[in-house]
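In what follows, a single structure is set out as structure tokens and then discussed.
Computation of the quantities below employed the complete heavy-atom set of this structure, encompassing side-chain atoms and omitting hydrogens, waters and symmetry-equivalent molecules. Ligands are counted one by one from 1 in listed order, and the atoms in each one are counted from 1 as well.
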Amino acid sequence: MLLPLRIGLAGLGTVGTAVLRLLERQAEVLTRRTGRKIVVAAVSARDLAKQREVDLAPFRWFDDPVALARWDGVDLFVELIGGAEGPALASVEAALAAGKPCVTANKALLASHGIRLARIAEEKAVALSFEASVAGGIPIVKTLREGLAGNSIERVYGILNGTCNYILSRMETEGLSFAQCLAEAQKLGYAEADPSFDIGGFDTAHKLAILTSLAFGAVIDADSIAVEGIETISLADIEAAAELGYRIKLLGVARRTPDGIEQRVHPTMAPKTSAIAQVMGVANAVTIDADAVHELTLVGPGAGGEATASAIVADIADIARGVRSPPFGLPVATLSKAEIAPMQLHLGGYYVRLSVFDRPGAAAAIATRFAERDISLESIVQRRRPGAETSGVAPVILITYATHEHTIREALEAVVADGFLAAKPQLIRIERE
Ligand SMILES: NC(=O)c1ccc[n+]([C@@H]2O[C@H](COP(=O)([O-])OP(=O)(O)OC[C@H]3O[C@@H](n4cnc5c(N)ncnc54)[C@H](OP(=O)(O)O)[C@@H]3O)[C@@H](O)[C@H]2O)c1
């Protein structure tokens, strides 16, 4: 039997402690599967005195994760601290520089420094593995990098943030407002005290940047992602979507287009019949459109200690077996600088909700503004809520056929300038199957 694989693990929070427990519980089966023992030799966190659910006595303690990464008593470094900079970055850099493979769950680190770290890993001929960084327990990294290696990928999109999906699902099933559902998510521990990173779409964007690189063989370019969050989604939109056969999801979408690769995160109307629309609650899902396999959807837990630990332990098992793939599927030098398609050229259907003053000529004026720009309407619905007759404002919902983003925005600017609207128009992109 090979020598044991000695792990140094930095970060003993939700994920780190779950990894320790899973490695212990599965020790025997992991030894049989990989042909060697996997042992945790040392750990690091901020506070040695902190009460934890695991007994740290068997492990050597390091106050400094960088010193742990360099220590010659470990063969593999696992980073579960979090954050794009600081000790997470310093310790992964130190481990790779010392020629040690690294496993991380840190999407922020990868979105900012993934390619540079992959280059160091390549130079040192060691693995840099990050299955847990996107969609928690769903093995999406391996699916894209290895399982679909024989495919050309056209589009990859998914629900990559469980907090947002929980909020949108609850709004629909319970008829509660966005604010009520957010407060509930915070109470249940699904949303942070400062939820802006999740609900603003930025967490999804970090994960999408990694998926884009894997799917299209491109250098990570997180800064060019167009990001919109779910803060503006109202119950009126959720109800209108349901009536029209859609469900609203916060999606991260990367798609090959004639103008380059589109990367966008925004609330999206997904047809109710699509696999992605069925995914409710805190679950995550990723759909891939590829030439040989056509459509593939993976659904599962996107967060939580145990599910995330499952992905980390899978990476550890690969390293124990001596498996090493290029981190982003291709040698770094051959990753392309993706040409990013500008959002203004996005071509797709749109849902538009207008709050229109009940005045003669309003509907005709709106229709004219759309017709002037050759925007074809699939449907136009004037919805009146019971009791709203006296408000003087009527909601009008339009669904367009495929049109360019700049065209629909110009049409809406003209509608606003006409003075028939009582509130800012709501615009939600439709993602067809
Ligand atoms: N939670 C999830 O469901 C989930 C899912 C997928 C990916 N991830 C990713 O997994 C990583 C860890 O997440 P988590 O939820 O486990 O975080 P967490 O519960 O906040 O734990 C972070 C750990 O890092 C330690 N730490 C912080 N600063 C440190 C420093 N300077 N030196 C050494 N240790 C330090 C903390 O030490 P103390 O305990 O002593 O304070 C703590 O043990 C993040 O990158 C996150 O994005 C998490």
Counting from 1 in the order shown, the ligand 1 atoms closer than 4.0 Å to a non-hydrogen atom of Pro87 are 30 (C), 31 (N)
For ligand 1, which atoms sit closer than 4.0 Å to a heavy atom of Ala132?
6 (C), 7 (C)
Give the numbers and elements of all ligand 1 atoms closer than 4.0 Å to a heavy atom of Pro65.
32 (N), 33 (C)
Would you check whether Arg46 has a nitrogen or oxygen atom less than 3.5 angstrom from a nitrogen or oxygen atom of ligand 1?
yes
For atom 16 (O) of ligand 1, state whether the nearest protein heavy atom is under 4.0 Å away.
yes
For ligand 1, which atoms sit closer than 4.0 Å to a heavy atom of Arg52?
38 (P), 39 (O), 40 (O), 43 (O)
Honestly, for Asp47 the part within reach of ligand 1 (heavy atoms, under 4.0 Å) is both
Evaluate the 4.0 Å heavy atom contact test for atom 1 (N) of ligand 1: does a protein atom fall under the cut-off?
yes
With only distance considered, is Gly304 within less than 3.5 Å of ligand 1 through an N or O on each side?
yes
Per-atom contacts of ligand 1 with Gly82, taking only distances under 4.0 Å to non-hydrogen atoms:
44 (C), 45 (O)
Polar-atom distance check: Lys50 versus ligand 1, any N or O pair below 3.5 Å?
yes
Test your reading of the structure: does Leu12 have an N or O sitting under 3.5 Å from an N or O of ligand 1?
yes
